[in-house]
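Notes follow once the structure below has been shown.
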Amino acid sequence: MSALSAHLAPNSPPAMAAHRFVLAWGLARLASRAEPRVQALRRALAAAAVGRLTAAERDALARVEVRRAEIPFEVVDAGLELGIVPGDVSEAAEAGAASADESTAYAARLAQTWEICRWTSISPVWGRFLALLVRTLEPRSALELGTGLGLSGAYQASALKLNGAGKLVTLDVHEASRVAERGFAELGLSDWIELRFGLIDETLPDLLAAVGPVDFAFLDAEHSLSATVRHFDLLLPHLADGAVVVLDDITQTREMRLAWAVVSSRPRVVFSLPLRRVGVVVCGAPG
Amino acid sequence: MGLKERLAPGSPAGDAAYRLLMLGAGARPRPHGGRGAAAVTAALLDAGAGRLPAEERAWLDRIEAHRHLLPATTVEHALDTRGLERETWLAEASRANRWMSLPPIAGRLVIRLVRELRPSACVELGTGFGVSAAYQAAALELNGRGRLVSLDVEGMTAIARPFLAGLGLEDRVSLRAGRIEDTLDAAITDANPVEFALLDHDHTGSGTLAAFDALLPALADGAVVVLDDVNWTEEMREAWRVVRRRERVATAVTVRRLGIVAIAEPAAAGE
């Protein structure tokens, strides 16, 4: 890990400052928009930028962060393989595992899974933003594509629990998401979130036919141009008037930047807001 | 916001001040200090530069996450036992957790020190909420060896025990409840030779000095002792001045509230 990226780690002071700046910039862009659909988004942005949270919200978010910190230990203790390996950590982990020293192997596996939880999973600041968005929008029906380790799902479901209404269905194909299922149960979120395994292209159409209009969606599945646009287009006819869709990692690759350009220019999208790595779109009435 | 609040533990400015002081203290040469002094130097430089292996960061995150929940659990405990008003206790516990427990940046130093030293036996006087014990025990867990004996009154160990169990560290720590004057001798006998010790119990000069002198004969060559709150009062500052001049103390470092001494190694003098 280079020195610069280590200093820009999630929750480091410069990263936090950058995050607030991005949110403030988003707020400035929203200032001229008077539609009620966009106003809810403005309230969520303002709450996240200022960090104005109730004690119950703080407690719920802290519990998700405990979960994040626990995952590496759970994964290593259970001897699970996550199979998601970010960049340069795999080599170090292999070197550690090959060593005869048991404590070195343990440390290397812990280091590897920790890197995934920290760098691949949603960062605490964006998780908080997602939770506040769900708190303000109060969706009845929410959808997540790409469960991963279940942290973004836990943020959204915690917000639904605080709202006292709504249900989140999250889809993933990866076996690593078994870890997520345990996390939801541990956080007492089982009534608010439902995990469905399978290829999203197969599970999504059936699900959409069954659940009725979707008020909120978070897209964080396959990070390719074709998959992102395909998933969004599958979703589009089933989105409610004023539905908000959040896309993660829109700046990650050239393909994802293109995907964001395509998604944000779809005719039903009345407002789109790129916030560094996260893109938010608001949809108008169908037809 | 006053200067004190800006430099509060865990605030960006407070952390930056700690890191600069650690780097400064680590950069000072310690040619004949032996193993203990070398570990202190390495730990100060690593913690100051933020050069920590990912597995140590994983443990620091885990301890930090659980620490956020500590005030709430402490309050539940206090309400159970003493039936006091909830809001008062919550505020008091948050303040205590922030100011009394070891700040995360000092936790980095402790975890690094214990990793460098690879001790078999550690002793802690003053468990408190169990935060500093967790840092030591996490390092022992990563080392794959060593145990910590931690002493405090019943009221504190009752809070620290579930905290450490929640972190899965209960097997590395033996918590002993009682007045430290009563439990210290047995603990020293059991843990002899002590390779790492943390003194954070009695914030009077005489009490700290008495505990250090009781511990001194049991300290292994090359052992490291960390004293917390050495700048707390004039009395504590005086005790710290005496401690750092004690025989067998090879090197002494002060980083804000922490005083660190390394015990000499006879072999090191001949090198």
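Order of the sequence lines fixes the chain letters, A, B, ..., with proteins taken first and strands second; residue numbering starts at 1 for each chain.
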Item to check | Euclidean distance, B:Asn143 CG relative to A:Thr104 OG1, rounded to 0.5 Å | outcome: 10.0 Å
Item to check | Heavy-atom side-chain proximity of A:Glu70 to B:Arg62 below 4.5 angstrom | outcome: yes
Next on the checklist: So which residue, A:Pro72, A:Ala69, A:Ala107, ends up with the most heavy-atom pairs under 4.5 Å with chain B?
Outcome noted: A:Ala107
Checklist entry - Side chain, backbone, both or neither: which part of B:Glu56 has a heavy atom under 4.5 Å from chain A? => result neither
Item to check | Spacing of B:Glu141 atom CD and A:Leu110 atom CG [to the nearest 0.5 Å] | outcome: 9.5 Å
Checklist outcome for this item: Of B:Ala58, B:Gly50, B:Gly168, the largest count of non-hydrogen pairs under 4.5 angstrom with chain A goes to B:Ala58
Checklist entry - Which pair of heavy atoms, one from A:Glu65 and one from B:Ala65, lies closest together, and at what distance? => result O-CB, 3.8 Å
Next on the checklist: Within the 4.5 Å heavy-atom criterion, are A:Tyr106 and B:Glu55 side-chain neighbours or not?
Outcome noted: no
Next on the checklist: Atom CZ of residue position A:Phe21 - does it have more than 12 heavy atoms of other residues, nucleotides or ligands inside 6.0 Å?
Outcome noted: no
Next on the checklist: Within the 4.5 Å heavy-atom criterion, are A:Trp114 and B:Arg57 side-chain neighbours or not?
Outcome noted: yes
Item to check | Partners meeting ring pair (Phe, Tyr, Trp, His ring centres under 6.0 Å) with A:Phe129 (sequence neighbours left out) | outcome: A:Trp126
Checklist entry - Taking the side chain as C-beta and beyond, is there a heavy-atom pair between B:His66 and A:Val66 under 4.5 Å? => result yes
